Number of protein chains: 2
Amino acid sequence: MKSIEPTIKADEGTPPRAGEKILRVARDLFYRQGIRAIGVDEIVRRAGVTKPSLYRSFPSKDELAASYLRQYDLEFWARFDEAVAAHPGDPRAQIAAFLTRIGKRTQKPDYRGCGMTNAAVEYPEHGHPARVVSEANKQELRRRLRAMAAAMGARDADTLGDGLLLLIEGAYISGQLFGAGGPAKSVARNADLLIEASLKK
Amino acid sequence: MKSIEPTIKADEGTPPRAGEKILRVARDLFYRQGIRAIGVDEIVRRAGVTKPSLYRSFPSKDELAASYLRQYDLEFWARFDEAVAAHPGDPRAQIAAFLTRIGKRTQKPDYRGCGMTNAAVEYPEHGHPARVVSEANKQELRRRLRAMAAAMGARDADTLGDGLLLLIEGAYISGQLFGAGGPAKSVARNADLLIEASLKK
DNA sequence: TGACAATGTTACCGATCGGTACGTATACCT
DNA sequence: AGGTATACGTACCGATCGGTAACATTGTCA
């Protein structure tokens, strides 16, 4: 496993390594067009590098896809934690902030949903490197949503947490299916209604 | 447009035409493995026919995929209307019946979600034959759900209808992401909570 | 200066991709 | 029996797929 993960340390002005350029381009193309739809030749061409450079930094295209998703995972949790940090001790407001943001993103013209979700749809076979990353992300999201539902004081926290997850996944999908004006714009409102109906009286 | 749609007329005992065998095999493989993941060679091989037979019945692989989805569309609405017919004049019970059934299907070990949804994820580009069918199906589903929400007497029927659609799409996706024991099993329960919270008092 | 690591260059691999030109078999109708 | 239309198979196409071998070039640090 010699795949190069995105180097997080501050940019020192050095020219970007080939592996970084490749990952940047791959991330963009994989997200917008899908992983199966993009060939390695197009990635290296748009990255301005050559194919051997790709295979020196990543053992295979599948592992490159997994690296893309690992980076996506980091950015996802950064957004999630941002919404959480904005409303300390108030999980209901945290969910509202996160979902409001998702609802807005889904209304952008070229919205393409969640890279994790899309990858799992593209690779249904268990054990595929990309799918493994995707499943882990979703398991963790489920765990956190259930915990937040419990902290809200839901009668059945697991059911509410799962209901919120269903709304979120539904927003990801219908965001890219319907485009602007689609059902995803109501995700925050519906989540709040569901929460309200799920709290102890 | 000379694509052969599934002939619905009763089987007359005649040996199945090549086009029918192809569509049957393609439907199974496309649904389980994904459209992009399956090549035409594998389809004709498992159908016991040859490639020219495929291209005599379908103008392209993309149109074969669209035919698969048109058939999927028919079967989908058959299931939907079955749930509707089981509870005449009671849209809330109709939704409950439909979602209970979805919730059960998502718990089966090899559940692969909704063929329509998956196709839209695989083909993000507007105008792709498969995506066109998928989008039309979802638009109609949205229309019906909103109408049912209105018939229930929701304060905001469009929001409730969209909320139900989000839950359904979320069930499709998390059904294939989490497998048995996943969040999708609570889709009917969460929908009922959402409905309860959305009705006029 | 010399060694080393990283990248680029060129050319190539077998496999598979979606798609087609063209000949052959079969069944039906006259 | 003969013609004809329909259905199917053999063999092939160029392009692209993911991946690699072998070698030249560069910049860095000792």
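In what follows, every heavy atom counts, from backbone to side chain, and hydrogens, waters and symmetry copies are set aside. In this text the structure is predicted, and so the values were computed from the model without any measurement. Chain identifiers are assigned alphabetically (A, B, ...) following the order of the sequence lines, protein sequences preceding nucleic acid strands; residue numbering begins at 1 within each chain.
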Take atom [atom1] of [X] and atom [atom2] of [N], then tell me their distance rounded to the nearest Å.
{"X": "A:L54", "N": "C:dT7", "atom1": "CG", "atom2": "C1'", "value": "13 Å"}
{"X": "A:L64", "N": "D:dC17", "atom1": "CG", "atom2": "C1'", "value": "15 Å"}
{"X": "B:F58", "N": "D:dA7", "atom1": "CZ", "atom2": "P", "value": "13 Å"}
{"X": "A:I38", "N": "D:dG18", "atom1": "CD1", "atom2": "P", "value": "10 Å"}
{"X": "A:I35", "N": "D:dG18", "atom1": "CD1", "atom2": "P", "value": "12 Å"}
{"X": "A:D41", "N": "C:dT16", "atom1": "CG", "atom2": "P", "value": "18 Å"}
{"X": "A:R36", "N": "D:dT16", "atom1": "CZ", "atom2": "C1'", "value": "16 Å"}
{"X": "B:Y55", "N": "D:dG9", "atom1": "OH", "atom2": "C1'", "value": "16 Å"}

Salt bridge check, B:R32 against A:E125: does any charged N sit closer than 4.0 Å to a carboxylate O?
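Looking at A:E125 and B:R32, the cut-off is not met.
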Check ion pair B:R144-B:D81 (N to O, under 4.0 angstrom):
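Salt bridge between B:R144 and B:D81, a charged N being under 4.0 Å from a carboxylate O: yes.
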[X], nearest nucleotide to its side chain (from [options]):
{"X": "B:R17", "options": "D:dG9, D:dA7, C:dT7", "value": "D:dA7"}
{"X": "A:P52", "options": "D:dG9, D:dG19, D:dT20", "value": "D:dT20"}
{"X": "B:K61", "options": "D:dG9, C:dG19, D:dC17", "value": "C:dG19"}
{"X": "A:S60", "options": "D:dC8, D:dG19, C:dT7", "value": "D:dG19"}

Take B:G48 and B:K51, find for each the nucleotide of DNA chain D with the closest heavy atom, and name the residue whose nucleotide sits nearer the 5' end.
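Result: B:G48.
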Check whether any side-chain heavy atom of B:M148 sits under 4.5 Å from a side-chain heavy atom of B:Q94, and report yes or no.
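Yes - at least one pair of side-chain heavy atoms lies under 4.5 Å apart.
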Donor-acceptor side-chain pairing of B:K21 and B:S53 below 3.5 angstrom
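There is no such pair (donor and acceptor under 3.5 Å, judged by atom type) between the side chains of B:K21 and B:S53.
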Identify whether any heavy atom of B:S53 sits under 4.0 Å from a base atom; if not, whether one sits that close to sugar-phosphate; answer base, sugar-phosphate or nothing.
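Contact class for B:S53: sugar-phosphate only.
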Test the A:R105-A:Y111 pair against the cation-pi criterion, namely NZ or CZ under 6.0 angstrom from the six-membered ring centroid and within 45° of the ring axis.
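Geometry flag: not set, cation outside 6.0 Å or 45°.
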